[in-house]
Structures are given as structure tokens and as C-alpha cells.
There are 2 protein chains.
Amino acid sequence: MMGSLKNTFIRYRYIAVYGLLMAVLVFVLKWLQWRFLIAEGSIEIYIGLIALFFTVLGIVVSRQFDRRKVVRTVVIEKEIPVPVQTPFIVDASALENLNLTAREYEVLQLMAKGCSNTEIAEALFLSLSTIKTHASNLFVKMDVTSRTKAIEKAKRLKITP
Amino acid sequence: MMGSLKNTFIRYRYIAVYGLLMAVLVFVLKWLQWRFLIAEGSIEIYIGLIALFFTVLGIVVSRQFDRRKVVRTVVIEKEIPVPVQTPFIVDASALENLNLTAREYEVLQLMAKGCSNTEIAEALFLSLSTIKTHASNLFVKMDVTSRTKAIEKAKRLKITP
DNA sequence: ATCCAGCTCATACTAAAGTACCGAAGTGCA
DNA sequence: TGCACTTCGGTACTTTAGTATGAGCTGGAT
């Protein structure tokens, strides 16, 4: 209750001050009128003073209101480098160029995971001989001479994670 | 020359406009005074009009100036995530945990690049025996049993690209 | 039906990788 | 100086990887 009343006062205090100044001014004017303006011809000075006063008053009041209204928000877009974890995507074209068969690619993938030929054979339910054959064939197709180089090339060509 | 003169005009045009309005006003006031204010008692209305006019004038002039001067800019930074290809950074802590010697780490790095033991020996100007020793030792430290597993683990722990 | 690519497995062999153990030389430190 | 550690190199051996070749089987294309 008290807070909202206080806020209301703050919000409209410029209007209150303006009204108060107006009241003071009326007294001043009446006093000036009574004091000096019996004599004819000084009416121009009187009006000039009033004009000056109200001009200044208008400026002051305007500035008081504008001070809180003219807040221009400028949104500046700032590029912030964010390390984005690239989800692995197979380079399909690179993979097709190698002309690997499905089995050979399977073997290659398991190789890249560090499996030995024996482990690959167990994983695919094949004999060691078969794995060796596939491995040998895929080495020829990939133009490498060892599994280590095959793995390095496969990762470089983005056909294995 | 022409440009600076034009700029000067633009800079002070509000003052010029203000002066012009003042001049016009004098004519209007004189006319009003001659037209209506023969009768006594309407002087308060006359002064009231002048007060109102100059208040409005002050406000208008003030706003014109304030429009360009009192603009408080609030800068709001808007984050724009920019995908940046993560430059490889070694996980120093993971590397330290392995307690690899400098030579062993060198061998590991070359392994990860697909080099055979012979190639590593040639690259480091060492004998094949030495490379085998280093390899065997680093396998124990990395708790793996083959170079392919060592490479896979090294990449997974981010100690090689 | 025939042909062919791909998958499977096998054998035999060579090459490379990996293990184990050893010793010499250098380095840093108490 | 002696100790601990690393580096380097060696020998001997086992295991794994890789090559070469052949053969049986299958599904799909011609």
C-alpha cells in the first residue's frame, strides 16, 4: 500500500512540481503586475519574461521526461566461437570410390576400433582365414599395406569415426 | 567551403527556427493586443496563452535537441554460435596419467599416423629393436596388447590427433 | 542356363609385430 | 659416488598380420 503510493508519487512528481511552479508563478506574476506594471509600455518586458520563463520551464520538463523515455536498445550481434561437437557423418562419396564390399567395410570398421583379426573373426562369426582374405583385399582397394595405414586413411577420409 | 557552411546551417537551424518563431510571435502578439486587449481584464487570458505557447515551444525545441543528443544506447550482446573446427588439443592430464616417456610418446604419435616399426625407426634414427622396446613398454603402460588398440585408446583419450 | 561378383574357408608361406630378457651408456639427484 | 631412471640396442622367440593361391558356395544379372 505504502509502496504503490510512493511509486505513484515518483511517477507523477514532475506533474506535481509543474503544478506547484504554476501556483508560485501566479503569485509572482500578480506581485509583478501590482508592483511595476501600473506604468504603460512595460507590458512587453512583462510578456517577454513570461515567455522566457515558460520556455525554460518547457525545456526542463521535457528533458526530465525524455531522460527516461529515450533509451534506445541496440542489439549488437556478437559472434562467439562455440566448439560444436561434430557428430560423425560418413563421407559417402569417399566410401563409394573405394568400392569396398559390405564385408570389407565391416572388417575395416572393426579394425578402426582396434580389433585384431581374431577378434573380428569372433565378432562376425567367421574364420580367421576369411578375415585375412577380406583384410588383404581391402588393403589393395585402399592402396595401403597394413591395417594401421588403413585405419589412418579411413579416419582421414571420414569413412570411420 | 560549401559543405562546412551547410553543416553550420544544419547544426544551428533549430536556433534559427526558434528566432523566426519569435519574430512571427511578436507580430501575432501585437495583432492580438491590438485586436482584443483593448478591454481590461482579458490580460490574464492573454498571458495564459503566451505561457502555454512558450511551454509547448520549449518542449518542442528540447525534444528536437534531445532526439539526437540524449540517446542512451543499451548494448545487448547476442550470442551467435559459430561452428569452429576444434583444433586438436592434447589432454595433458590423460597424457600424464600414462607416465609415458618422451620417446614412447614420440613412437605412439608416429604409430597413430600409420607408421610401421621400421618407418618409425627410420624417422627417429633408431634401430628397429629400440622401437620394438619402446612400443612394448608403452603398450604395458597403456594397458593394451597391440598397436591398433594403442592408437584407438590414444585417440579416445585425446592424446593424439 | 551361364556367368560373375562376392563370401567363405583353407593351406602355405613371408613379413611384421610383439614379448622377454639382457646389457651398456647417459642423466639427474641425493 | 652411488642410485634410480631413461634410452638405446641386441638376441631369441612367439604371435599376429599380411600375401598368394585355390576352391566351394550363392544370388543376381545377362
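Protein chains get the first letters and strands the later ones, always in sequence-line order, with residue 1 at the start of each.
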*How does protein contact run along nucleotides 9-30 of chain C, one letter per nucleotide 5' to 3', with B for base contact, S for sugar-phosphate only, - for none, heavy atoms under 4.0 Å?*
BBB-----BBB-----------
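Listed by residue number, the members of residues 90-105 of chain A with any heavy atom below 4.0 angstrom from DNA chain C are A/Thr101, A/Ala102, A/Arg103.
The nearest whole Å value for the distance from the CG atom in A/Leu124 to the P atom in C/dG6 is 18 Å. Taking atom CD on A/Glu106 and atom P on C/dG6, their separation rounds to 15 Å, with Å as the unit. The nearest whole Å value for the distance from the CG atom in A/Asp143 to the P atom in D/dG18 is 15 Å. If you take CD of A/Glu119 and C1' of D/dA17, they are 13 Å apart, rounded to a whole angstrom.
Sorted by first and then second residue, the salt bridge (charged side-chain N to carboxylate O under 4.0 Å, His left out) pairs with a member in residues 84-93 of chain A form an empty list; sequence neighbours excluded. Residue pairs meeting the salt bridge (charged side-chain N to carboxylate O under 4.0 Å, His left out) criterion with at least one partner in residues 133-144 of chain A, sequence neighbours excluded, are A/Glu104-A/Lys141.
Here A/Phe125 sits alone; no ILVMFWY side chain lies under 4.5 Å from its own, so it joins no hydrophobic cluster.
For B/Lys149, the salt bridge (Lys or Arg N to Asp or Glu O under 4.0 Å) partners are A/Glu119, not counting sequence neighbours. A/Gln109 pairs by the side chain to side chain donor-acceptor pair (under 3.5 Å) definition with A/Tyr105, not counting sequence neighbours. The side chain to side chain donor-acceptor pair (under 3.5 Å) check on A/Ser146 picks up nothing, with sequence neighbours excluded.
Hydrophobic clustering (ILVMFWY, side-chain heavy atoms < 4.5 Å, transitive): B/Leu110 and B/Phe88 are in one cluster. A/Met142 and B/Ile151 are members of different hydrophobic clusters when ILVMFWY side chains are connected at heavy-atom separations under 4.5 Å.
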Donor-acceptor pairs under 3.5 Å, side chain of residues 154-161 of chain A to any protein atom, not counting sequence neighbours: which ones?
{"from": "A/Lys155", "atom 1": "NZ", "to": "A/Pro161", "atom 2": "O", "distance (Å)": "2.5"}
{"from": "A/Arg156", "atom 1": "NE", "to": "A/Glu152", "atom 2": "OE2", "distance (Å)": "3.0"}
{"from": "A/Arg156", "atom 1": "NH2", "to": "A/Glu152", "atom 2": "OE1", "distance (Å)": "3.2"}

For residues 128-140 of chain A, which side-chain donor-acceptor pairs fall under 3.5 Å, sequence neighbours excluded?
{"from": "A/Thr130", "atom 1": "OG1", "to": "A/Ser127", "atom 2": "OG", "distance (Å)": "3.0"}
{"from": "A/Thr133", "atom 1": "OG1", "to": "A/Ser129", "atom 2": "O", "distance (Å)": "2.9"}
{"from": "A/Asn137", "atom 1": "ND2", "to": "A/Thr133", "atom 2": "O", "distance (Å)": "3.2"}

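With the end axes of the helix from C/dA1-D/dT30 to C/dA30-D/dT1 each set by five pairs, the angle from one to the other reads 40° at 10° resolution.
More than 12 heavy atoms of other residues, nucleotides or ligands lie within 6.0 Å of NZ in B/Lys153, so this atom counts as buried by the packing criterion.
The side chain of B/His134 places no N or O atom within less than 4.0 Å of a non-bridging phosphate oxygen (OP1 or OP2) of D/dT7.
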